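To start, the structure under review is shown below, and the notes come after it.
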Amino acid sequence: MVDQKHSIAPSLAQWPEIEVLEAFVIDVNGVARGKWIPRDRAAEVLQKGMALPRSALALDIWGRDVDEAGLANGTGDPDGLCMPVEGTLAPATWLDRPTAQILMTMRNSNGEPFFADPRGVLSRVLDRFAALDLRPVVAAELEFYLIDATRSATDPVRPPKSRAGRWQGWQTQVLSVSELHEFEGLLSEITRCARLQGIPVDATLRENGPGQYEINLKHVADPLKAADHAVLLKRVVKGVAHRNGLDATFMAKPYGDCEGSGMHVHISMLDKAGNNVFASEDGKGSATMLHAVGGLVATMGEAMAIFAPHANSYRRLTPGAHAPLYASWDYDNRTAAVRLITASKSASRIEHRVCGADVNPYLAMAAILAGMHHGITRKLAPPPVPAPKSGRPEDLDAEFERLSSNWDDGIEAFEESEFVADYFSADYQRLYAACKRQELDEFRQRVTDVEYDAYLRNA
C-alpha cells in the first residue's frame with residue numbers, strides 16, 4: 001500500500017509567514033528525528049525529499065546507535081531518502097518562530113518503503129488486506145497526563161483555578177466537566193492546533209488519574225493516516241502544553257498509585273462495496289469478526305513487545321489498573337483485551353485495549369491488523385467467553401493466555417515469533433529486538449533509589 005507519487009508537491013505558498021520547515025521521520029520508538037530547513041530550501045525538500053541516516057530509524061530511547069540493529073556500525077552509516085507524507089504539511093503554531101512541519105517516510109531507491117521505517121511496516125501489512133479486497137477503518141483514543149514541571153515533574157498538575165486547600169491529588173473526578181473547564185484554554189488550543197494540521201480530533205474528556213485527559217480521534221478508512229494522526233496529535237499535545245507552561249506525558253504509568261495511560265484502537269472492516277463485514281443480524285458479530293478476534297487473541301502474546309515497548313509499560317499491566325492482564329475478549333466489556341462493540345450494525349467494530357499510550361502507533365496498528373489478518377485468513381475461532389464477566393484471574397486463567405508481565409519475556413516472545421517474522425519481516429524483527437535489548441541492558445545496570453533504601457544497610 002505504497003503512497004502514490006503526486007504530480008503536485010506540497011508547498012508553503014499559502015503560509016508566507018513561515019520561516020522554517022521542520023521535517024522528520026518517526027523512529028522505532030515513535031520519536032521524531034529530523035532537521036530544521038530554512039524556507040529558501042524548503043521547496044527542494046518538499047519536491048525532492050531529504051537525506052537522513054538510515055540508522056536514525058533504529059536508535060534506542062536515549063537516541064544512541066544500536067550496533068546490533070545493523071544500520072550503523074560497520075555499514076558506513078549511509079543515508080536514506082525521505083519523502084513527504086501527503087497531507088501532513090501544516091503550521092506548528094505552538095512554536096515562537098513561524099514554523100511548518102512535514103512528516104516524512106524513508107524509501108528505497110525503487111520508491112518502496114525502507115524496511116526499517118515503521119510507517120513502511122504498517123504499509124506492508126495493509127497490502128495483505130488489499131489482496132483480500134478488505135479495507136480497515138481505524139481510530140485511536142490517546143490518554144495523557146498534564147504535568148506542572150515548575151512544582152515537580154513527578155507531580156500531576158493541579159487545576160489552575162483551584163483554591164488553596166481544596167485540591168486533593170487523590171481524587172479521580174473521571175468525566176468531570178468542571179475539570180475540563182479548569183483547562184479550557186489549553187484543551188481548546190490543542191483542538192485548534194490539531195485541526196489546523198488536519199488531525200480529526202473528536203471528543204476530549206477527563207480521565208481517571210489526577211491531571212489525566214483523553215482525546216479521541218475520528219475513524220478513517222486508511223490506517224496509515226490513522227497512525228499519522230496519532231503521532232501528530234502527540235506532538236500537538238506536548239507542544240501546546242509546553243507553550244502554556246506545562247508538560248504533557250504519554251508515559252504508560254507515570255505514577256505508581258494512579259491510573260496508567262493507554263492507546264485504545266477501534267477497528268471495523270469494509271469490503272470493496274463499502275459494507276462493514278463485521279456486522280451481523282444477531283448482534284454477535286459476523287464470522288469474519290470472530291475470526292479476526294481469534295487471530296488477535298492467538299498472536300497477542302507474541303506482539304507484547306510492541307504493545308508494551310518500554311520498561312515502564314509493564315507497570316500499567318498490573319491487577320486493578322484498568323488494563324488487561326489476559327489475551328481475552330468479550331462483548332462490551334472494558335476489562336477484556338479485545339472488546340466487541342456490536343450495538344449498532346453499521347458501527348460494529350473491535351476495540352483493542354492493550355496498548356499503552358507510549359507505543360509507536362505505526363507498529364501498534366501493524367501488530368493489531370496483522371493479528372486480525374492472521375485470524376481471518378486462517379479462520380481461527382476465538383476461545384469461549386467465560387462467565388461471569390468479572391475479569392478476575394480465577395475466571396480467566398482456564399480460558400485465556402496470561403500476557404507478559406515483564407519486559408524481558410515480551411522481547412523474547414517477539415524475537416522468537418514466526419508470526420512477527422511473517423508480517424513484520426525477519427529483518428525488522430531482529431532490528432526491533434536489538435533496540436529493545438539495548439534498552440533492557442541499560443535498565444539492568446541502573447540501581448534504583450528504592451533498592452538502596454531497602455538493601456544498602458539492611459541486607
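All values reported here derive from a predicted model rather than from experimental measurement.
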Regarding [X] and [Y], is there a side-chain donor-to-acceptor distance under 3.5 Å anywhere?
X    : Y    : answer
E439 : N29  : yes
Q101 : R235 : yes
D427 : S425 : no

Query raised in the report: Step by step, would you call M50 with I37 a side-chain contact (heavy atoms from CB on, under 4.5 Å)?
Result: CA-CA 10 Å; M50 174 182 73; I37 310 296; 4.2 Å; yes
Given side chains that start at C-beta, do those of [X] and [Y] come closer than 4.5 Å, heavy atoms only?
X    : Y    : value
V236 : I199 : yes
V237 : Y213 : no
L296 : I350 : yes
Y423 : H373 : yes
F114 : L71  : yes
L21  : T99  : no
V66  : L59  : no
H374 : D422 : no

Is a side-chain N or O of [X] found less than 3.5 angstrom from the main chain of [Y], in a donor-acceptor match?
X    : Y    : result
R192 : L187 : no
K436 : I306 : no
R206 : G209 : yes
K284 : T342 : no
S417 : A413 : no
T75  : A72  : yes
Q197 : P91  : yes
N360 : V28  : yes
Q438 : C435 : no
E412 : D409 : no

Query raised in the report: Checking R349 against F278: charged group under 6.0 Å from the ring centre and within 45 degrees of the axis?
Result: no
Report task. Test the R457-Y452 pair against the cation-pi criterion, namely NZ or CZ under 6.0 angstrom from the six-membered ring centroid and within 45° of the ring axis. Result -> no
Classify the ring geometry of [X] against [Y]: parallel below 30°, tilted from 30° to 60°, perpendicular beyond 60°.
X    : Y    : result
Y432 : F414 : tilted
Y331 : W329 : perpendicular
F443 : W407 : perpendicular
Y255 : Y145 : perpendicular

When rounded to the nearest 0.5 angstrom, what distance separates [atom1] in [X] from [atom2] in [Y]?
X    : Y    : atom1 : atom2 : result
D247 : D148 : CG    : CG    : 9.0 Å
E214 : E143 : CD    : CD    : 5.0 Å
T335 : L325 : OG1   : CG    : 9.5 Å
H229 : D222 : NE2   : CG    : 8.5 Å
W36  : L95  : CH2   : CG    : 7.0 Å
S348 : M289 : OG    : CE    : 5.5 Å

Which heavy atom of [X] sits nearest a heavy atom of [Y], and at what distance?
X    : Y    : answer
A305 : G410 : CB-O, 3.5 Å
G301 : S404 : O-OG, 4.5 Å
P324 : L403 : O-CD1, 3.9 Å
L103 : T88  : N-OG1, 3.2 Å
L122 : A227 : CD2-CB, 3.9 Å
L317 : M304 : CD1-CE, 3.5 Å

Is it the case that more than 12 heavy atoms not belonging to [X] sit under 6.0 Å from its [atom1] atom?
X    : atom1 : answer
R446 : CZ    : no
R378 : CZ    : yes
D449 : CG    : no

Query - side-chain contact (heavy atoms from CB on, under 4.5 Å) evaluation trace for R353 with R334 - result: CA-CA 8 Å; R353 297 180 57 84; R334 286 184 168 86; 3.7 Å; yes
Query raised in the report: What pairs with R64 under salt bridge (charged side-chain N to carboxylate O under 4.0 Å, His left out), at least two apart in sequence or on another chain?
Result: D60, E442
Query raised in the report: salt bridge (charged side-chain N to carboxylate O under 4.0 Å, His left out) between D228 and R119: does it pass, once the steps are laid out?
Result: CA-CA 9 Å; D228 291 343; R119 201 173 191 273; 2.8 Å; yes
Does a salt bridge link [X] with [Y], judged by any charged N lying under 4.0 Å from a carboxylate O?
X    : Y    : value
R437 : E415 : yes
D27  : R33  : yes
D117 : R107 : no
R444 : D408 : yes
D330 : R339 : no

Report task. List the steps and the verdict of side-chain contact (heavy atoms from CB on, under 4.5 Å) for L224 and L126. Result -> CA-CA 9 Å; L224 280 171; L126 295 178; 3.8 Å; yes
Query raised in the report: Which pairs, with at least one residue in residues 300-322 and sequence neighbours excluded, count as a salt bridge (charged side-chain N to carboxylate O under 4.0 Å, His left out)?
Result: none
**Report entry** Verdict with reasoning, S261 to Q212, per side-chain hydrogen bond (donor to acceptor under 3.5 Å, both in side chains)
**Finding:** CA-CA 8 Å; S261 292; Q212 187 186 32; 3.1 Å; yes
Query raised in the report: Where do T249 and I147 land on the side-chain contact (heavy atoms from CB on, under 4.5 Å) test, with the steps shown first?
Result: CA-CA 8 Å; T249 182; I147 300 169; 3.5 Å; yes
